[in-house]
Amino acid sequence: MKCPSLTVALTGTPNVGKSTLFNILTGLNQHVGNWPGKTIERKAGRVEFKGTTFELIDLPGTYSLSCVSIEEDVARNFLAFGEPGVIVVVINAAQIERGLAFLAEVLQLERPIVIALNMMDVAKTEGISIDAKRLAEVLGLPVVPLVARKNQGVLELLAAISQAPHQALAKPPASSLTETLAKIAEHLPPLCCQMRKEYHPLPMPPNKDSILTRFIARKILEGDQRLAAAALASTHDPKTLSALLLANETLVISLAQERHVWVHDLCVLIGYVTKDTAFRFTNRIDKMATHPMWGLLLFLSILYLLFTAVFTIGTPIQEFLDAVLITPASQAVLALAPAGHFWTGLIANGLISGTGLVLSFVPIMLLFFFFMALLEDIGYMTRAAYVMDRFMHIIGLHGRSFVPMFMGFGCNVPSIMAARVIDDPTSRLLTMMLIPLVPCSARLAVIAFFGAAFFPEHTALFSWSLIALPILVIALVGFGLSHTLFKGQRMPLIMELPLFHLPNAKGILIQTGLHTWTFVKRAGGLITVFSLLIWMLSYAPSGDVGDSPLGTVGKLFNPLAELFGSDWRMIIALITSFIVKENTIATLGILTHVTTETATLTAIRTVLTPQAAIAFMVVQMLFVPCVSTVVMLKKESGSWKWPLLGMALQGFISLLCGVVLFQLLKIFG
Amino acid sequence: MKYSLDQLLGNECGKVIGFTAGAKNISRLLSFGLLPGCPVTVLQNREGFSLLVQARGMKIALGRSEARCIEVIRS
């Protein structure tokens, strides 16, 4: 028999440990998809509890339900229109007032609510005590104290969730502005109908209708621009509504004040005394982490350690996999038939070296995603954003754009998605345009490979100078774009710096695993297919690369390649890197008819001079982003204009830099 | 006396009393609880850098232009 199921929405302000709680509850039993019609990640997971299946939805963290960013939009709309069976509001016990202010908004929806009072341990260390029982009595809601990180209170939370649908609904905070809200609400049924269709296919019960229209009216008065625009577009009488909204513009402050008065009264009732928390531990670290000079030094050191760790741990594993798995496998296949045989060549050089390549990049990806998740989890990322804020101003952005760009060092694709945290559309677009210039770990791996081939004694120096170049280019391009195509008012910087805390191993590992798996799924198939294709295009018709279709195309561009000291084979390697960046090495292997990385190294050394290798690396570093990045950029920007512009720009910049550098190196030796 | 938040120095405390006329992004500031009556402590205010303030038990990084919109009195 199938268990009855209950949809449970997990919501809360950022940094309350909501995702940790979600990971603890669902473990690996979660699936990451997209919200219908949106590129916003939808995280859902299943939990069985006493014969009921909970379908848990982890909503993006939101500072309020009157939204600024599109992520917040999704969270609010699901809470309002997705008909969740139970809403779990996660509150940080160390910042209870803020959590209660958010709860005041959720209460307006009049749905079954459970409060998860998380981080009780942090509150205790800060000397804050909260009477959860009293809070539950006063609110008329179940309140479950938790330390999600330590798995404390989780079962009690599940029990409370399963009971919640059968309990009486709590009353929303009263308001003196009910009349005004009702007047605006009269204009909103068409908008509500429309939004509901998006999230829930069933028709809306009539009593719900009035709750939702009043809720939306409130959000519009609180300054939600997108809802206001949608309401004006859907009402029959936009003139009256527009006049009504204009006349009540100043109510935005009154509504917030009402909410905080409610919170204040509540705190008095439960005997909670507001006091300025010291955050001793966090403040001690922050003295350095947010200092203009020390903070920057700290950030650069972390960056240095991160790359060093990733490559000193990752590269040997990569080489080990190559030596024990890929090389023997392809040699075994090649030994089955005489040299130059089509099928063995296809399998050994196309299939095995292609999939082997994906496999060998996994350790580097895994390490990178792991360190990123760790830095995020302990609360350091926003500090880096704060310290880098000043430099981001040079390129017309601010600190909030920094985190997504920094993630680009791992993989550009998720980092373009991560740009959704940026509220202002122009800043978001500019950030997305610059991310493909951030050298991702795939490009860095190619660099490391070339470094080892040409400058075995100075690999680190070579790699570091090649990382510095794209950063310089980002600064120049960002400066240029923000003064031309992306001119205008910028979104403000208002960003919370969460408390530092010890990392949650389970959460970090799940995060790392999911990210890596997504990468393997996306890139794995593509690399293999294209490796096969490239091999065939380089083999037909006679088995000689020079006569093959690929060779012919490459030779067309030979004069261009000569300008930066390369030949047609390097052009083909560049073209195939459009599919995935790691292809560069695989292609060179195929084109030089060798199967192992070591042999490819030797082969490339005979094709390029050291100067040409440097120039080629510069071109490869800045060249047109990979196809996944281009597709993601199209999806997130909603138009082909931006990815095409980006490709043209990067193609031009990369070739220009390569040619100029090669000619300079030639002159100065 | 009325100041804008960016005029307070590091370690100075104040209380929000309002917003400058025509200020944008008020709703964002409000959702952080930065509304009239709210006490704020400026933790860091260095020329050319964004401010670091503490309010409602949160540490908040605030751009200079946003801080300029917030009217405060010293306390």
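Each chain gets a letter, A, B and so on, in the order its sequence line appears, and its residues count up from 1. Only heavy atoms go into these numbers, but all of them, side chains included; no hydrogens, no water, no symmetry mates. No experiment lies behind these values; they were computed from the predicted model shown.
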Exercise for the section: Provide the closest heavy-atom pair for A/I494 versus B/E66 in the form atom of the first, atom of the second, distance. Expected result: CG1-CG, 4.2 Å
Exercise for the section: Can you measure from CZ (B/R64) to CG (A/D389) and round to the nearest 0.5 angstrom? Expected result: 11.0 Å
Practice task
State, yes or no, whether a side-chain contact exists between A/D224 and B/S27 at a heavy-atom distance under 4.5 Å.
Solution key: no
Exercise for the section: Would you confirm whether A/E496, through its side chain, and B/K59, through its main-chain N or O, come within 3.5 Å as a donor-acceptor pair? Expected result: no
Practice task
Report the distance from atom CG of B/L35 to atom CG of A/L255, rounding to the nearest 0.5 Å.
Solution key: 11.5 Å
Practice task
Could you tell me whether the side chain of A/Q95 reaches within less than 4.5 Å of the side chain of B/R56, counting heavy atoms only?
Solution key: no
Problem - Most contacts with chain A, counted as non-hydrogen pairs under 4.5 angstrom, among B/S65, B/G48, B/G33 - result: B/G48
Handout entry: Side chain to side chain, A/T290 and B/Q44, heavy atoms closer than 4.5 Å
Key = yes
Exercise for the section: May I ask you to list the residues in residues 98-107 of chain A that approach chain B closer than 4.5 angstrom, counting heavy atoms only, ordered by number? Expected result: A/R98
Handout entry: Portion of B/L34 that has a non-hydrogen atom of chain A nearer than 4.5 angstrom
Key = neither
Exercise for the section: Under 4.5 Å, counting heavy-atom pairs only, tell me which of A/E222, A/Q257, A/R259 racks up the most with chain B. Expected result: A/Q257
Exercise for the section: Drop me the distance from B/L43's CG to A/D286's CG, to the nearest 0.5 angstrom. Expected result: 8.5 Å
Handout entry: A/E249, part contacting chain B, at a heavy-atom distance under 4.5 Å
Key = neither
Handout entry: Test log, rule side-chain contact (heavy atoms from CB on, under 4.5 Å), inputs A/M495 and B/F32
Key = CA-CA 9 Å; A/M495 177 176 70; B/F32 275 78; over 6 Å; no
Practice task
Return the minimal non-hydrogen interatomic distance between B/L51 and A/Y386, and the atom names on each side.
Solution key: O-CE1, 3.8 Å
Handout entry: Proximity breakdown for B/L62 and chain A, heavy-atom pairs closer than 4.5 Å
Key = both
Handout entry: Any B/F49 side-chain heavy atom under 4.5 Å of A/V387 side chain
Key = no
Practice task
Among the options B/G63, B/S50, B/S31, pick out the one with the most heavy-atom pairs lying under 4.5 Å from chain A.
Solution key: B/S50
Handout entry: Student check: side-chain heavy atoms of B/L52 and A/L497 closer than 4.5 Å
Key = yes
